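Reading through the structure tokens given below for one structure.
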Amino acid sequence: MLKNIGYRTIVKKCNGDSVTPILIFRRLQGERKFLFESASQHNQYSYIGVNPVKTIVGSNQQLIETNYYTNEVTEHLGDMFANLKYLMPELKSDEPYAFIGGAIGYASYHTMNGSSQEQCDINIPDLQFDLYDTVIIYDHSTDEVIVVHTDFERSYEDAKVEQLIQAIFTTSVKRGGSYELSAFQSVITDEQYTQLVQQAQAYILEGKVEQIVLSKRLVAQMSGDAFSLYRKLRKLTPAPYMYYAQFSDHVMIGVSPESVVKIKGSHVTITPVTGARPRGLTPREDLSVELSLLQNAKEVHVHKLLVDQTIQDLEMICIENSIQIVEYMKPVQFKHSIRLTTEFEAMLYPFLHPIDALKLLFPPASSSGVPKREASEIINRLEPIARSFYGGALGYFSLNGNVNFTLLQQTMLIKNNRAYIQAGANILSDTQEADAILETHKKIKAFTMMEETIK
């Protein structure tokens, strides 16, 4: 266990106007590289890392901790989140950055809702986190490169930080790689999905749930440079969350507009997002799209259900009367779409660890339904393949206590030369089957636009 017992932290700042986060990432040499970015004008930092000091993987109430310094492998049995909380380092820091090193990783949909992955065809851990003692931060407002290193092993080797900085600015890189991505094939037909919609609506009419998010898996053959895939995705669909993360035998790339939970100190922020309409060609057309969203009975109803469920979730983890709605059902413009967003702020109970909060908030209603527990049970019965990563969360536990996780929906998982994506539709009692199918097609449009060879 790494706790706050006086580890030394080194911070080095350099002029970075000759590099970009993409170039820095490509110049780093090693394993398990990650790049976290944001297209949001309110987020000025990108985070890059390589060569973690530890990896923690978990499945079936068992965590396996691998220490790359000592080559020790330790098994931890019991509640995975309780053990994860015990293993996460905690350091005091006055640095202003949200992430100063710590754990980068994900927890799958099944980890969160307690269901089984026995019928899953992907075979990845329920959760996986890599612990980084060093992170590279790119400040887009000042064009600075900041290297933050925490000396867990007390090696006092400042030269390692200097070598990393040297690599950031001088390592030669080849031209961007290429990839080949075949057309995606759904594991179920539209006719089969239509039957699932009808079965889901039967549960809704029985009063078991008000809304269900039904999804389907799609698979393609992929070879070549996965990072080139990510670079194209970030251009096609820039979003507040954009991520590329390498793990032991798979890669996750994706974009997301939605914060599952963000915690800084005791301050909690959640931003549920629903709906999506293509943007217009002019500001006047954008305004017309916004009005159409706000006047669409289904979109408004789904968003209200999600807001009500989010309030119930926050009441489990936050101080009474601290929950505030900062913005309610606001149309937000992204590069290609306009979506409805509500932003919540609240104060975390002082006796709760952020990992407790993450566990209690899952599964998110935006990937399951309302009420979410009952909707998850129905999803487990209806969907023919376990969801795995889809509907889970990816993000970080920073050494300074900050937490930030996004929803794994518009995400591609690459493993063994296969690319997996998944898309879901919001099902209500009066949803037309054709509309549900169209909704799933729209949600994978960015990925299907990448079905080609890039040189």
Side-chain angles (χ1 to χ4, degrees), residues 36-46 140-141 211 213 230-243 253-260 262 269-308 310 324-345 364-367 404 406-412 421 423-428 430-432 434-450:
F36 281 8
E37 301 182 280
S38 174
S40 170
Q41 60 181 341
H42 305 296
N43 194 336
Q44 69 186 72
Y45 302 113
S46 295
H140 293 269
S141 66
Q211 175 233 355
V213 180
Y230 167 73
R231 292 180 66 184
K232 185 168 186 182
L233 179 65
R234 69 193 285 276
K235 287 184 178 180
L236 288 171
T237 316
Y241 292 89
M242 304 187 295
Y243 44 90
I253 67 174
V255 295
S256 173
E258 184 168 350
S259 167
V260 171
K262 184 187 298 182
T269 304
I270 298 178
T271 55
V273 178
T274 63
R277 291 286 189 277
R279 288 193 60 175
L281 298 177
T282 65
R284 182 181 292 273
E285 289 184 6
D286 278 342
L287 179 60
S288 177
V289 173
E290 291 178 4
L291 291 174
S292 72
L293 263 176
L294 292 170
Q295 293 171 355
N296 185 287
K298 177 189 175 182
E299 298 291 3
V300 170
H301 182 55
V302 168
H303 197 84
K304 286 181 177 179
L305 288 175
L306 186 58
V307 166
D308 291 344
T310 303
Q324 298 181 357
I325 296 179
V326 179
E327 293 179 331
Y328 178 68
M329 208 178 298
K330 178 183 177 181
V332 176
Q333 295 180 1
F334 298 90
K335 183 176 181 180
H336 300 296
S337 65
I338 297 176
R339 301 168 184 259
L340 295 180
T341 302
T342 293
E343 181 177 344
F344 289 92
E345 292 183 352
S366 52
S367 65
N404 197 349
T406 188
L407 189 65
L408 286 171
Q409 281 195 332
Q410 197 164 353
T411 300
M412 178 187 293
I421 59 175
N426 290 298
I427 309 302
L428 300 170
D430 59 349
T431 299
Q432 298 296 312
D435 291 339
I437 292 171
L438 181 61
E439 185 176 344
T440 63
H441 291 175
K442 286 180 177 179
K443 288 181 177 178
I444 62 169
K445 183 177 180 181
F447 292 114
T448 57
M449 290 173 67
M450 297 191 296

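Please read these numbers as outputs of a predicted model, since none were measured by experiment.
Residues Leu305 and Leu428 form a side-chain contact, since some pair of their non-hydrogen atoms from C-beta on lies under 4.5 Å apart. Put simply, the side chain of Glu343 reaches to within 4.5 Å of the side chain of Thr269, judged on heavy atoms. Side-chain contact between Glu258 and Tyr241 is absent, with no heavy atoms from C-beta onward closer than 4.5 Å. A 4.5 Å side-chain heavy-atom check between Val332 and Arg339 finds every atom pair outside the cut-off.
At least one donor-acceptor pair under 3.5 Å links the side chain of Lys443 to the backbone N or O of Gly424. A donor-acceptor pair under 3.5 Å links the side-chain atoms of Asp286 to the main chain of Gly280, judged by distance alone. A donor-acceptor contact shorter than 3.5 Å is absent between the side chain of His336 and the backbone of Thr237. Of the possible donor and acceptor atoms, none in the side chain of Thr341 sits under 3.5 Å from a partner among the backbone N and O of Val273. Looking at Ser38, its side chain does come within 3.5 Å of a backbone N or O of Pro240 through a donor-acceptor pair. For Ser337 (side chain) and Phe334 (main-chain N/O), no donor-acceptor pair under 3.5 Å exists by modelled atom type. A donor-acceptor contact shorter than 3.5 Å links the side chain of Thr342 to the backbone of Met329. In this structure a side-chain-to-backbone donor-acceptor pair under 3.5 Å is present from Gln409 to Ser366.
Of all the heavy atoms in Thr406 and Val260, the pair that sits closest is C-CG2, 3.5 Å. Closest approach of Pro257 and Thr271 over heavy atoms only: O-OG1, 4.5 Å. Scanning both residues, Leu233 and Ala446, for their nearest heavy atoms gives CD1-CB, 4.0 Å. Between Val213 and Ala365, the shortest heavy-atom distance links the atoms CG2-O, 4.1 Å. Smallest separation of non-hydrogen atoms from Pro272 and Leu306: CB-CD2, 3.5 Å.
Counting heavy-atom neighbours within 6.0 Å of Lys298 NZ, excluding the residue itself, gives a total above 12. Open room surrounds NZ on Lys304; 12 or fewer heavy atoms of other groups in view lie less than 6.0 Å from it.
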- Taking it one step at a time, do Thr274 and Asn426 satisfy side-chain contact (heavy atoms from CB on, under 4.5 Å)? CA-CA 9 Å; Thr274 63; Asn426 290 298; 5.6 Å; no
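We find the CD1-NZ distance between Ile437 and Lys442 to be 13.5 Å, quoted to the nearest 0.5 Å. Once rounded to the nearest 0.5 Å, the distance linking OG1 of Thr431 with CD of Gln211 reads 8.5 Å. Expressed to the nearest 0.5 Å, how far CG of Asp308 lies from NE2 of His303 amounts to 10.0 Å. To the nearest 0.5 Å, the span separating CD on Gln432 from CD on Glu439 amounts to 13.0 Å. A distance of 11.5 Å separates NZ of Lys235 from CE of Met242, quoted to the nearest 0.5 Å. The structure places CG of Leu287 at 9.0 Å from CD of Gln333, a figure rounded to the nearest 0.5 Å.
Inspection of the Tyr243 and Thr411 side chains reveals an N or O donor paired with an N or O acceptor under 3.5 Å. Ser46 and His140 form a side-chain donor-acceptor contact under 3.5 Å, judged by distance and modelled atom types alone.
Here the rule is salt bridge (Lys or Arg N to Asp or Glu O under 4.0 Å) with Arg277, and of Glu290, Glu299, Glu285 only Glu299 fits it.
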